[in-house]
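Reviewing the structure listed below.
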Amino acid sequence: MVQITDLFIYPVKSLKGIALEESMTALRGLQYDREWMVTTIDYEFITQREIESMSTIEVSIDSGALTLSSKTNTKHNIPLDSIKSESIKASVWGDICDAYDEGDDVSLWLTSVLGQYKGKSLRLVRFASQGLRPVPSKYLEGMEAQSAFSDQFPYLITSWESLDKLNKGLINNGSQVAKMDRFRPNIVVKGVEDLEKKTSQNFLCQQSGYSFGLRKPCKRCKIITINQDDGKIDNPKEPLATLASLRFSDEINGAFFGQNAILLSTKNYILKVGDELSIG
């Protein structure tokens, strides 16, 4: 039996995640996941690929505010119910999304903590509640799904079995083992081998009634070389090189870890650590 061991949301794309015991599914993924995004002043998205130290900013969220905290213990609060009069257009992976700029104060805070990018200040934007960013239909098998500011899919599922396999390869290569946080999953499971080869299969929780469709193995990039605790890159080749050599996926080119997924329902569900899943 497959079991959920961990749940994470990342309210601000590429900043630290939040571990949860339970989380509600929503239209574009787990509630609040990747609802905010750091951008240039031209509203082009920025991630750890550009600024590695983004990984060091902690994030918390409650019913009233989103709070960002730096390593030097400076904080900035963004009210969740602030009224924005005009939307802007923000770009993420070529998709143009309706969003709202969270204002000059958080822009100044982010720029002071992370520095300018190519000589320009940073901005924080929030995905518009009425915005649309559909997952490409070729991955949906007749279903519908949307995302906010995630790379493309609303859910990312990884497994401990894949991490164990990767770490054995890293040890054999004389490299440091990797922690799960480098892969920034939403849902972590145990009890399934070769998750990356199970595209088009489904995870079903009979007790709660929800199911996820596994739709595309997740191709990995520079971010998995970044230590998520301090934003440093100890080895620019690992664990990316070892992951590519292990060929987790049937895909020909690239390094793959985890599965991008969609919720196979228009209803919302509560996911809990400990939920048991069947696969088929």
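A quick note: this is a predicted structure, and the numbers were derived from the prediction, not measured.
A heavy-atom distance below 4.5 Å is found between the side chains of I262 and R215. At a threshold of 4.5 Å between non-hydrogen side-chain atoms, the residues Q146 and L132 count as touching. The side-chain heavy atoms of R123 and Y43, taken from C-beta on, include a pair separated by under 4.5 Å. Residues P154 and R28 fail the side-chain proximity criterion, which asks for heavy atoms closer than 4.5 Å. Within the 4.5 Å cutoff, the side chain of I57 has heavy atoms near those of the W109 side chain. S82 has its side chain within reach of E102: a pair of non-hydrogen atoms, C-beta onward, lies under 4.5 Å apart.
Under a cut-off of 6.0 angstrom, the local environment of CD in E58 is sparse, with at most 12 non-hydrogen atoms contributed by other residues, nucleotides or ligands. When the shell of 6.0 Å around CD of Q206 is examined, it contains 12 or fewer heavy atoms from other residues, nucleotides or ligands. Within a 6.0 Å radius of CD in Q176, no more than 12 heavy atoms belonging to other residues, nucleotides or ligands are found. Within a 6.0 Å radius of NZ in K197, more than 12 heavy atoms belonging to other residues, nucleotides or ligands are found. Heavy-atom contacts from other residues, nucleotides or ligands closer than 6.0 Å to NZ of K84 number more than 12.
Ring-plane geometry between F127 and F149 is classed as perpendicular, the angle between the planes exceeding 60 degrees on a 0 to 90 degree scale with a lower cut at 30.
Ion pairing between a basic and an acidic side chain is recognised when a charged N comes within 4.0 Å of a carboxylate O; R126 and D101 show no such pairing. Using a cutoff of 4.0 Å between basic side-chain nitrogens and carboxylate oxygens, D151 and K13 are scored as salt-bridged. Using a cut-off of 4.0 Å between Lys/Arg side-chain N and Asp/Glu carboxylate O, E193 and K165 are scored as not salt-bridged. Note on E52 versus K222: salt bridge recorded, some NZ/NE/NH1/NH2 to OD/OE distance being below 4.0 Å.
Residues V59 and L7 fall within the same hydrophobic cluster, defined by Ile, Leu, Val, Met, Phe, Trp and Tyr side chains chained together at heavy-atom separations under 4.5 Å. There is a path of hydrophobic side-chain contacts, each under 4.5 Å, that joins L240 to L163. A single hydrophobic cluster is seen to contain both V2 and L263, as judged by linkage of ILVMFWY side chains at heavy-atom distances under 4.5 Å, directly or through other members. Both L166 and M180 belong to a single network of hydrophobic side chains, linked directly or stepwise wherever heavy atoms of I, L, V, M, F, W or Y lie under 4.5 Å apart. I61 and M37 fall into different hydrophobic clusters, where Ile, Leu, Val, Met, Phe, Trp and Tyr are joined by side-chain heavy atoms under 4.5 Å apart, directly or via other members.
Side chain of D42 to main chain of E44: no donor-acceptor pair is present (N/O by atom type, distance under 3.5 Å, no hydrogens or angles). The backbone N or O of V188 lies less than 3.5 Å from a partner atom in the side chain of T5, making a donor-acceptor pair. Side-chain atoms of Y210 do not come within 3.5 Å of backbone N or O of N268 as any donor-acceptor pair. T242 places no side-chain N or O within 3.5 Å of a backbone atom of P239 that could act as its donor or acceptor partner. One N or O on the side chain of R133 and one on the backbone of A148 form a donor-acceptor pair closer than 3.5 Å. Looking at K16, its side chain does come within 3.5 Å of a backbone N or O of S55 through a donor-acceptor pair. Distance alone, capped at 3.5 Å, places no donor-acceptor pair between the D6 side chain and the V273 backbone. In this structure, E21 contributes its side chain and K272 its backbone to no donor-acceptor pair below 3.5 Å. Judged purely by atom type and a 3.5 angstrom limit, N173 has no side-chain atom pairing as donor or acceptor with the backbone of S175. For the pair T25 (side chain) and Y269 (backbone), a donor-acceptor distance under 3.5 Å is present.
In the model, T199 has a side-chain atom that pairs as donor or acceptor with a side-chain atom of Q259 under 3.5 Å. In the model, S159 has a side-chain atom that pairs as donor or acceptor with a side-chain atom of S162 under 3.5 Å.
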Next item on the list: Take K71 and S53 through the test side chain to side chain contact (heavy atoms under 4.5 Å, CB included) and record every step on the way to the result.
Entry: CA-CA 10 Å; K71 287 197 303 181; S53 59; over 6 Å; no
Next item on the list: Output, in order, the C-alpha distance, side-chain angles, deciding distance and verdict of side chain to side chain contact (heavy atoms under 4.5 Å, CB included) for C97 and K89.
Entry: CA-CA 5 Å; C97 306; K89 300 291 186 180; over 6 Å; no
Next item on the list: Just do the salt bridge (charged side-chain N to carboxylate O under 4.0 Å, His left out) check on E50 and K118 with the steps written out, would you?
Entry: CA-CA 10 Å; E50 292 76 41; K118 294 185 176 180; over 6 Å; no
Item checked: Worked verdict on T158 versus F8 for side chain to side chain contact (heavy atoms under 4.5 Å, CB included) -> CA-CA 11 Å; T158 63; F8 298 95; over 6 Å; no
Margin query: For E141 and S200: C-alpha separation, side-chain torsions, deciding distance, then whether side chain to side chain contact (heavy atoms under 4.5 Å, CB included) applies.
Written below: CA-CA 8 Å; E141 300 181 12; S200 295; 2.7 Å; yes
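The minimum heavy-atom distance between S23 and L30, with the atom names listed, is OG-CB, 3.6 Å. Shown here for I157 and L195, the closest heavy-atom pair between the two residues is O-CD2, 3.5 Å. The shortest heavy-atom contact between S150 and V92 is O-CG2, 4.4 Å.
Rounded to the nearest 0.5 angstrom, L204 CG and S278 OG are separated by 4.0 Å. Going from atom CG of L214 over to atom CG of N202 covers 6.5 Å, rounded to the nearest 0.5 Å. Here the straight-line distance linking atom CG of L124 with atom CG of L66 works out to 7.0 Å at 0.5 Å rounding. The distance from the CG atom of D62 to the OH atom of Y32 is 8.5 Å, given to the nearest 0.5 Å. Here the straight-line distance linking atom OH of Y10 with atom CG of L15 works out to 12.0 Å at 0.5 Å rounding. Distance check: L122 CG to S107 OG gives 6.5 Å after rounding to the nearest 0.5 Å.
Results of the side-chain contact (heavy atoms from CB on, under 4.5 Å) test with N260 over F153, Y139, Y155 single out F153 as the only residue that passes.
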